Amino acid sequence: MAESIRIPTSTSVLESAVIQAPLSAVWHLIKLQDFSKWWSKLDKSEDVKNTSEETDVVKWAFADGTVLEVKQEEHSTLNHYITYSVITSNPALSYTSVVSTIRCFEVTSGSSEGHTFITWSGHFSSDADAGESSIPFLQSSILCSVNASFDPSLLTHLSAGVIEDAKFKRREALADLAKAATKK
């Protein structure tokens, strides 16, 4: 039987892109309840009814069957950013929490002048794995011999993990957003 060792890693992700559309065209699409209009992985995004007047909660239904409820934490039309957190998930997440922010900036000079620079960050709770390694400890003598001369062939697998998954999902979503923002 193999015993797993967790490798401490960063629990945040930041993806960015330059979208060849003006800031106004991109910012207009950054509303939690409208993400399904441009994000191909989302089948539906809709406001959740019966929440308090001060709370904006949106349900995202993904094509793979995952359903998230996300809460808008911050929104600035002056500084063009939105921050949201996941408050429920079906199926349950493998980590405690995540807070994400999408920021848009107008590119004011250079070859991308008039376009939009966008970032999408995610800050995960410390129990989110960026990837995990399992090391088979079949004998107690191996446990005692793990030191500077550790044999990497003892590693049985590396998995992508939550952070890598978030990175690729954000990249895909930013590409979808670029397509939506540049439609005429």
Side-chain angles (χ1 to χ4, degrees), residues 10-49 51 55-95 97-108 110-125 128-131 159-184:
S10 171
T11 56
S12 62
V13 63
L14 175 67
E15 289 300 315
S16 63
V18 173
I19 297 178
Q20 296 181 352
L23 175 64
S24 59
V26 176
W27 180 243
H28 178 71
L29 298 170
I30 309 297
K31 296 177 181 74
L32 296 176
Q33 67 274 15
D34 292 340
F35 274 35
S36 63
K37 292 179 181 176
W38 55 265
W39 192 359
S40 64
K41 300 288 185 198
L42 271 182
D43 283 341
K44 192 195 287 189
S45 51
E46 61 188 2
D47 288 316
V48 174
K49 306 292 184 219
T51 58
T55 306
D56 293 324
V57 177
V58 174
K59 182 185 290 188
W60 286 348
F62 287 85
D64 69 359
T66 301
V67 177
L68 301 179
E69 285 189 358
V70 295
K71 177 184 168 196
Q72 183 173 293
E73 302 289 352
E74 289 183 278
H75 178 266
S76 175
T77 54
L78 295 175
N79 294 308
H80 302 104
Y81 72 88
I82 187 169
T83 299
Y84 65 92
S85 62
V86 175
I87 57 172
T88 66
S89 177
N90 186 12
L93 299 173
S94 63
Y95 49 90
S97 65
V98 59
V99 176
S100 298
T101 299
I102 299 174
R103 293 182 182 272
C104 298
F105 304 89
E106 180 179 10
V107 179
T108 60
S111 62
S112 294
E113 183 176 348
H115 296 156
T116 304
F117 177 70
I118 186 167
T119 63
W120 194 341
S121 65
H123 299 279
F124 295 80
S125 54
D129 68 326
S159 64
V162 170
I163 306 303
E164 280 295 302
D165 184 55
K167 175 175 112 174
F168 290 112
K169 283 180 179 170
R170 281 169 172 73
R171 284 183 181 180
E172 290 172 351
L174 289 173
D176 289 345
L177 178 60
K179 287 177 195 169
T182 57
K183 281 185 182 174
K184 300 202 174 171

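What you see below is based on every heavy atom in this structure, not just the backbone, and it leaves out hydrogens, waters and symmetry mates. Here the structure is a predicted model, which means the values were calculated and not measured.
Here the shortest heavy-atom pairing between T182 and Q20 reads CG2-O, 3.2 Å. For S36 against S45, the heavy-atom pair with the smallest separation is OG-OG, 2.8 Å. Contact between V162 and S94 at its shortest, heavy atoms only, is CG2-OG, 3.5 Å. Nearest approach of S100 to G122, heavy atoms of both residues: OG-CA, 3.9 Å. Of all heavy-atom pairs between V48 and K59, the closest is CG2-N, 3.6 Å. Residues T11 and S125 share a closest heavy-atom pair of CG2-O, 3.7 Å.
The shortest distance between side-chain heavy atoms of I163 and F124 falls below 4.5 Å. Residues V58 and E69 form no side-chain contact, since every pair of their non-hydrogen atoms from C-beta on lies 4.5 Å or further apart. Residues V57 and D47 have side chains not in contact (no heavy-atom distance under 4.5 Å, counting atoms from C-beta outward). Side-chain atoms of F105 and H80, non-hydrogen and from C-beta on, never get closer than 4.5 Å to each other. Counting only heavy atoms from C-beta outward, the side chains of V26 and L177 approach each other to under 4.5 Å. Using a 4.5 Å cut-off on side-chain heavy atoms (C-beta onward), T101 and I82 make no contact. Counting heavy atoms from C-beta outward, F117 and S16 have side chains that approach closer than 4.5 Å.
D64 contributes a side-chain N or O that, together with a main-chain N or O of T66, makes up a donor-acceptor pair within less than 3.5 Å. With hydrogens and angles disregarded, a donor-acceptor distance shorter than 3.5 Å links the side chain of D176 to the backbone of S40.
Side-chain atoms of E73 and S85 form a donor-acceptor pair, as typed in the model, at a separation below 3.5 Å.
In this structure, Q72 places its CD atom where more than 12 heavy-atom neighbours from other residues, nucleotides or ligands lie under 6.0 Å away. Summarising the local packing, NZ of K41 is surrounded by 12 or fewer heavy atoms from other residues, nucleotides or ligands at distances under 6.0 Å.
When I102, L29, V70 are each tested for a side-chain contact (heavy atoms from CB on, under 4.5 Å) with F35, only one passes: I102.
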- Item | Worked check of side chain to side chain contact (heavy atoms under 4.5 Å, CB included) between T116 and V18 | CA-CA 6 Å; T116 304; V18 173; over 6 Å; no

- Show your working on salt bridge (charged side-chain N to carboxylate O under 4.0 Å, His left out) between E164 and K167 and close with a plain yes or no. CA-CA 5 Å; E164 280 295 302; K167 175 175 112 174; 3.6 Å; yes

- Give the intermediate values and the outcome of side chain to side chain contact (heavy atoms under 4.5 Å, CB included) for residues L174 and E15. CA-CA 9 Å; L174 289 173; E15 289 300 315; 4.1 Å; yes

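Side-chain rings of W60 and Y84 approach one another, their centers coming within less than 6.0 Å.
In this structure, NE2 in H115 is found 10.5 Å from CD in E106, a value given to the nearest 0.5 Å. Distance CZ/R103 to CG/L14: 10.0 Å, rounded to 0.5 Å. Remark: T108 OG1 to E113 CD distance equals 7.0 Å, nearest 0.5 Å. Put simply, NZ on K71 and CG on L32 are 12.0 Å apart, with the number rounded to the nearest 0.5 Å. Separation of atoms OH (Y81) and CG (N79) is listed at 6.0 Å; rounding is to 0.5 Å. Interatomic distance, S89 OG to F62 CZ, rounded to the nearest 0.5 Å: 9.0 Å.
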